[in-house]
Amino acid sequence: MMESPEVQCTCNVTIEYLNQAGQATKRKVIRNATLLLGRNELRDILLRVDDGKLFQNFVLREIQLFTRFIRDGKSCIKIVPDNVQILISNCPPDKLQVLVKTLAIKYGADKKSSKQASDRTRLLSVLPKTFDNISPVQLHDVKRANELRMLQNVHTPVSTKAPKNRMGNACPGRQVKRPRTTSSENCPVTGLKPAKKAILSMPVQRKLSKEQSHVLRTVLCGKNVFFTGSAGTGKSFLLKRIVGALPPKSTYTTASTGVAACHIGGTTLHSFAGIGSGKAPMQQCVELAQRPGVLQHWQNCKHLIIDEISMVNGEFFDKLEAVARIVRKSIEPFGGIQLIVCGDFLQLPPVIRTNEKKTFCFQAKSWRKCIHLNIELTEVRRQTDKAFIAILQAIRIGRCTEEVAAQLIKTASHKIDQDGILATRLCTHKDDVELTNERRLQHLPGKVHTFNASDSDPMLVQTLNAQCPAGQTLELKKGAQVMLTKNLDVQRGMVNGARGVVLGFESENKALPQVRFLCGVTETIKPERWTIKASSGIYLTRQQLPLRLAWAISIHKSQGMSLDCVEISLARVFESGQAYVALSRARSLEGLRVMDFDPKVVRANPDVLQFYSRMKRERLFMQSSLDDYIEI
Ligand SMILES: Nc1ncnc2c1ncn2[C@@H]1O[C@H](COP(=O)(O)OP(=O)(O)OP(=O)(O)O)[C@@H](O)[C@H]1O
Ligand SMILES: [Mg+2]
């Protein structure tokens with residue numbers, strides 16, 4: 001049996017009763033409705049819409065399903081015979097995905113099964129009306145549903161028009177295509193070409209660890225949480241799950257830098273806040289935050305997520321906290337917004353101009369009143385080698401024993417270049433990165449292939465450049481060292497940061513690059529789409545190849561990444577935590593080469609160390625009080 005998450009979710013629902021022309025003649029809006037899938041006494045699928053006092057069951061015997069905006073918590077189910085459509089919005093995306101996929105699979109499987117009650121049975125039925133929760137999706141359901149889809153792919157290649165919403169606009173969505181025939185017996189089975197791939201499957205989510213689940217539960221209880229942990233403990237992984245479990249309309253996903261924001265599908269904290277650098281006097285910041293578009297964020301926001309908090313300046317945090325209270329007209333800390341904050345203060349600190357004061361967020365005046373709970377993740381997931389994890393833990397706290405130094409110095413002789421794939425050099429300075437990549441590409445023989453991004457709004461190129469991991473223009477040659485900038489297929493190792501080399505280009509018109517990756521896969525790379533939220537709240541998309549040149553990247557840009565093979569030069573390290581960030585990107589010691597290791601570059605900020613030891617003391621104190629209490 002497949003894993004069966006609960007097929008239920010809480011969201012806003014609009015029920016529209018349509019006329020022949022498809023216009024709504026009656027509309028019922030229910031906020032915070034509970035949706036539940038079930039079956040009646042005749043085994044029809046039912047959708048129960050419960051407003052907390054009353055519920056209404058809809059029989060889903062013939063439906064159209066619109067699924068394109070599931071990640072935004074939106075979907076639509078049209079009940080064809082009744083001419084009714086149920087518009088779902090503001091639903092936690094992960095829950096909605098499970099509900100919609102379960103419905104699509106069960107509905108597809110039912111169409112293929114012979115167990116459906118005939119019209120005559122229905123008419124004559126004297127069975128009492130029942131509602132049983134729908135059973136978990138089984139493998140045979142998926143198989144049956146897909147068999148029908150394959151037939152239908154051949155027979156009905158065209159999907160019908162999307163339904164209209166109240167504004168008369170087409171309701172965004174891709175439909176689960178339905179067969180023209182109502183039962184599978186009517187489908188001619190012979191002589192059909194199968195569809196290219198089985199289309200339906202249940203979303204498979206990697207399981208959260210115990211400590212990660214604890215954080216998720218705490219967040220769902222509404223607590224303001226700061227969770228931390230060393231590099232690779234799955235903080236960003238967990239954040240994505242938190243985003244998927246919260247209602248999208250009131251959840252804002254941000255990070256301190258554009259690259260980090262992109263890892264979790266969000267925007268930068270600065271663009272959410274709309275107060276520029278936050279250095280202007282308070283009154284001016286408030287005015288900026290009250291501009292149309294910006295004010296809306298502040299007012300709608302109930303849950304604010306911030307990744308890579310170590311790079312947010314404490315003064316900026318205080319400014320945001322005060323602005324939040326003023327623009328939301330609330331005396332609660334951060335204007336009553338739930339804060340879900342994560343990062344590792346022992347990694348890179350805030351970037352500041354010379355003569356500016358650097359303060360960490362935990363040093364902000366409002367930090368303590370804003371954060372209810374500090375939680376530390378302890379299980380490292382990026383690396384599996386215990387010895388390497390121990391080296392990294394020592395470096396993190398600025399401790400470089402002779403033994404640790406010796407092990408890192410030894411890596412200088414590592415032969416990590418494999419199959420024409422060279423190690424990526426992590427550089428302390430941005431200029432070195434650009435120069436290295438440009439020069440190395442120039443020195444390669446052969447023709448340059450240029451790939452231009454296709455942007456939804458060419459006027460906002462700068463926003464896209466800042467937040468999207470794919471550049472507007474990508475120049476490649478045969479032999480170019482490249483890195484994936486998106487998870488394409490986690491199972492096969494085609495993940496963000498996977499390293500490869502360009503073997504050549506297709507001969508067809510687009511001349512797409514063929515790339516061999518370290519994980520052993522060779523693949524033609526096709527354009528991918530990124531969607532980002534601009535500060536005005538509108539969605540921008542960029543279509544581009546998910547590749548970037550990978551002879552070199554900067555340590556600042558690498559924060560948050562996992563890398564297959566890295567070469568590091570630490571001679572020009574200028575920040576505490578910088579050496580640790582660079583070293584901890586490597587998945588294994590074998591995949592790491594440190595060129596000129598000097599223990600002096602290993603530095604941890606003493607204020608941060610103090611903050612962490614206080615946090616640990618408080619945790620131990622709480623634990624021992626709890627133990628005493630249990631004993632009593
Ligand atoms: N529960 C999990 N199951 C499977 N893989 C996981 C899990 N948690 C994390 N990972 C994997 O571990 C790796 C590191 O995770 P992630 O990048 O989220 O760590 P991080 O704590 O954010 O690191 P950093 O501090 O460097 O940003 C990723 O490849 C991620 O997919
Ligand atoms: Mg991270």
Side-chain angles (χ1 to χ4, degrees), residues 3 94 203-217 225-245 253-266 269 305-312 340-349 375-385 388-389 392-393 395-397 426 469 483-499 518-519 553-564 566 577-588 591-592 604 608 612:
E3 202 178 332
D94 287 354
V204 186
Q205 287 201 318
R206 287 182 284 171
K207 250 188 147 173
L208 293 180
S209 67
K210 247 185 176 171
E211 46 186 21
Q212 288 172 327
S213 308
H214 167 62
V215 176
L216 178 61
R217 277 196 306 274
V225 181
F226 162 59
F227 62 94
T228 183
S230 38
T233 43
K235 299 182 291 297
S236 304
F237 180 89
L238 171 58
L239 265 194
K240 279 192 245 168
R241 287 293 262 279
I242 292 174
V243 175
T253 309
T254 72
S256 50
T257 68
V259 181
C262 202
H263 286 165
I264 53 167
L269 179 61
I305 291 173
I306 313 174
D307 195 6
E308 298 292 0
I309 189 76
S310 70
M311 291 166 91
V312 178
I340 301 133
V341 174
C342 91
D344 176 13
F345 287 112
L346 286 160
Q347 294 185 38
L348 286 169
I375 309 179
E376 195 160 0
L377 300 179
T378 55
E379 210 181 311
V380 176
R381 312 290 299 231
R382 181 172 293 134
Q383 297 87 9
T384 46
D385 172 7
F388 186 36
I389 293 175
L392 291 175
Q393 296 295 14
I395 299 283
R396 178 169 181 255
I397 53 170
L426 289 185
M483 175 187 290
L484 267 183
T485 52
K486 196 170 196 182
N487 284 345
L488 296 186
D489 186 344
V490 178
Q491 310 284 311
R492 290 160 72 214
M494 307 267 291
V495 292
N496 199 346
R499 279 298 326 278
L518 258 190
C519 57
I553 57 171
S554 76
I555 298 179
H556 273 79
K557 279 243 157 111
S558 78
Q559 177 143 325
M561 289 178 124
S562 306
L563 297 172
D564 290 332
V566 265
Q578 205 174 8
Y580 172 59
V581 169
L583 294 167
S584 59
R585 299 307 103 199
R587 293 185 210 269
S588 67
L592 174 69
V608 178
Y612 275 104

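By convention here, the first residue in the shown sequence is residue 1. Every number for a ligand or one of its atoms is a count from 1 in the order of the listing.
Annotation: atom 12 (O) of ligand 1 to nearest protein heavy atom, R381 CB, 3.3 Å. Summary of contacts: the protein heavy atom closest to atom 5 (N) of ligand 1 is R206 NH1, 3.5 Å. The protein heavy-atom contact nearest to atom 26 (O) of ligand 1 is R585 NH1, 2.8 Å. Nearest protein heavy-atom contact of atom 28 (C) of ligand 1 is S562 OG, 4.3 Å. From the protein, the heavy atom lying nearest to atom 27 (O) of ligand 1 is G560 CA, 3.3 Å. In terms of protein heavy atoms, atom 18 (O) of ligand 1 is closest to F237 N, 2.8 Å.
Counting heavy atoms under 4.0 Å from ligand 1, residue K235 touches it through both backbone and side chain.
Note on ligand 1: M561 sits outside its first shell, no heavy atom being nearer than 4.0 Å. Distances shorter than 4.0 angstrom occur between a heavy atom of T233 and an atom of ligand 1. At least one heavy atom of G232 lies less than 4.0 angstrom from ligand 1.
Remark: L216 CG to L238 CG distance equals 6.5 Å, nearest 0.5 Å.
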Checklist entry - Passes side-chain contact (heavy atoms from CB on, under 4.5 Å), L392 versus I389? Steps please. => result CA-CA 5 Å; L392 291 175; I389 293 175; 5.7 Å; no
Item to check | Derivation of the side-chain contact (heavy atoms from CB on, under 4.5 Å) call for D344 and R396 | outcome: CA-CA 10 Å; D344 176 13; R396 178 169 181 255; 2.8 Å; yes
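Atom 9 (C) of ligand 1 has its nearest heavy-atom neighbour, among S230, G234, G229, S209, in G234. Taking each of K207, K210, R382 in turn, the one with a heavy atom nearest to atom 24 (P) of ligand 1 proves to be R382.
Between the side chain of R585 and the backbone N or O of V581, at least one donor-acceptor pair lies under 3.5 Å. Formation of a donor-acceptor pair under 3.5 Å by the K235 side chain with backbone atoms of S230 is found in this model. With T233 contributing its side chain and E379 its backbone, the two residues share no donor-acceptor pair below 3.5 Å. Looking at Y612, its side chain does come within 3.5 Å of a backbone N or O of F345 through a donor-acceptor pair.
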